[in-house]
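First up is the structure itself, then whatever we jot down about it.
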Amino acid sequence: MDDVVVYRDRLDALERTWRVWAELGTDLTEDQWTAATRCPGWDVAAVYAHHSTFPRDMDGPLPPSMSSSLEEAVKAVEALRRFNAPGGLAHTVAGAVADRAVSGAAEAGRGELVERFAVRGPGALRRLRVAEATRVVPWGGTGVVVELVEAVRLVLLEATVHLLDVQRALGRPPLVPPQALGDTARLLAEVAPPVDFIEAATGRSTRSPLPVLR
């Protein structure tokens, strides 16, 4: 499928998913904000603080294009494999990420956490919609560069996985836009070793390649 079409579809899915985050956060009680999640040490507010850095930080000028960089752009699959490899950043910075989520929740008011999705999110999406899908940008502090179409795929995965974390913590049904679920499920399947995944998924092996993310 054409990159432009894929990019547009992923932005549409991200827009719908961030809207769920905004609507869900609007009516939470303080007890719900402080409900424990399955992310160790994180309550609902910490998960909101963690993921809301994406719409907050993306609602601003895009980083300069790195199309001329000597570093070759990688796909979302490869970025995740490197991040989650033994000794990768998923392991080495996990403690710092957790600390930032908790401190970020303490520093931001509940209204600000929701505003990041309700206001900053649409602002970020407007900027992304006029950018080229193949624009090459750095992916956080990972040391890799990706095209925007792949960066949005990574953000969509984060939005989907953590929205499920919040909904489960609140005892809510897992209501996530179908397109976000589909893209996230495909990405996770692509990260897994293909032979192991196929054989486990078809009942031909009891050796599971999962989980593929920390």
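Remark: E30 engages R110 in a salt bridge, criterion side-chain N to carboxylate O under 4.0 Å. With respect to the salt-bridge test (charged N to carboxylate O, under 4.0 angstrom), the residues E78 and R82 qualify. Electrostatic pairing of R19 and E23 does not count as a salt bridge here, judged by no charged N lying under 4.0 Å from a carboxylate O. A salt bridge links E15 with R129; the closest basic N to acidic carboxylate O contact falls under 4.0 Å. With respect to the salt-bridge test (charged N to carboxylate O, under 4.0 angstrom), the residues R153 and E190 qualify.
The backbone N or O of L181 sits nowhere less than 3.5 Å from a side-chain atom of T184 that would complete a donor-acceptor pair. Using modelled atom types, no side-chain atom of D183 and backbone atom of Q179 make a donor-acceptor pair closer than 3.5 Å. Without hydrogens or angle criteria, E199 side chain to D196 main chain gives no donor-acceptor distance under 3.5 Å. Distance alone, capped at 3.5 Å, is enough to place a donor-acceptor pair between the Y7 side chain and the L128 backbone.
When all heavy atoms are compared, the tightest approach of A192 to R81 is O-NH2, 4.1 Å. Shown here for G104 and A49, the closest heavy-atom pair between the two residues is C-CB, 3.8 Å. Closest approach of A180 and A13 over heavy atoms only: N-CB, 4.1 Å. When every heavy atom of R120 is checked against every heavy atom of R116, the shortest pair comes out as CB-O, 3.2 Å. Residues T17 and A159 approach most closely at CG2-CB, 3.9 Å, considering heavy atoms. Residues D31 and T34 come closest through the heavy atom pair O-OG1, 3.2 Å.
Contact of the D3 side chain with the E132 side chain is not registered, since no non-hydrogen atoms from C-beta on lie closer than 4.5 Å. Counting heavy atoms from C-beta outward, V152 and L11 have side chains that approach closer than 4.5 Å. Looking at heavy atoms from C-beta onward, P173 lies out of side-chain contact with Q167 at the 4.5 angstrom threshold. No side-chain heavy atom of W21 sits less than 4.5 Å from a side-chain heavy atom of L113. Contact of the V146 side chain with the V136 side chain is not registered, since no non-hydrogen atoms from C-beta on lie closer than 4.5 Å.
If you look at Y48 and W33, their ring centroids are closer than 6.0 Å.
Atom CH2 of W18 sits about 13.0 Å away from atom CG of L163, to the nearest 0.5 Å. Residue L14 holds its CG atom at 6.0 Å from CG of L156, rounded to the nearest 0.5 Å. Note that CD of E147 and CZ of R135 are 12.5 Å apart. Values are rounded to the nearest 0.5 Å. To the nearest 0.5 Å, atom NE2 of residue H51 and atom CD of residue E158 are 7.0 Å apart. To the nearest 0.5 Å, the span separating OG1 on T37 from NE2 on H50 amounts to 10.5 Å. Of the inter-residue distances, the one linking R10 atom CZ with L148 atom CG reads 11.5 Å to the nearest 0.5 angstrom.
Put simply, L210 and V161 are part of the same group of oily side chains (I, L, V, M, F, W, Y) that touch within less than 4.5 Å, one to the next. Linking Ile, Leu, Val, Met, Phe, Trp and Tyr whenever their side-chain heavy atoms come within less than 4.5 Å leaves I198 and V212 in two separate clusters. Tracing side-chain contacts under 4.5 Å through hydrophobic residues (I, L, V, M, F, W, Y), one never reaches L28 starting from V119; they form parts of separate clusters. There is no path of hydrophobic side-chain contacts, each under 4.5 Å, that joins F197 to V191. Residues V149 and W139 are members of one and the same hydrophobic cluster, defined by side-chain heavy-atom contacts under 4.5 angstrom among Ile, Leu, Val, Met, Phe, Trp and Tyr.
Checked by atom type, the side-chain pair R204/T202 shows a donor-acceptor distance below 3.5 Å. No hydrogens or angles considered: nothing links the side chains of H162 and W42 as a donor-acceptor pair under 3.5 Å.
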Could you please spell out the steps behind the side-chain contact (heavy atoms from CB on, under 4.5 Å) verdict for V166 and L24?
CA-CA 9 Å; V166 169; L24 180 59; 3.6 Å; yes
Criterion side-chain contact (heavy atoms from CB on, under 4.5 Å) on L157 and L188, from CA distance to verdict
CA-CA 9 Å; L157 173 133; L188 292 172; 3.7 Å; yes
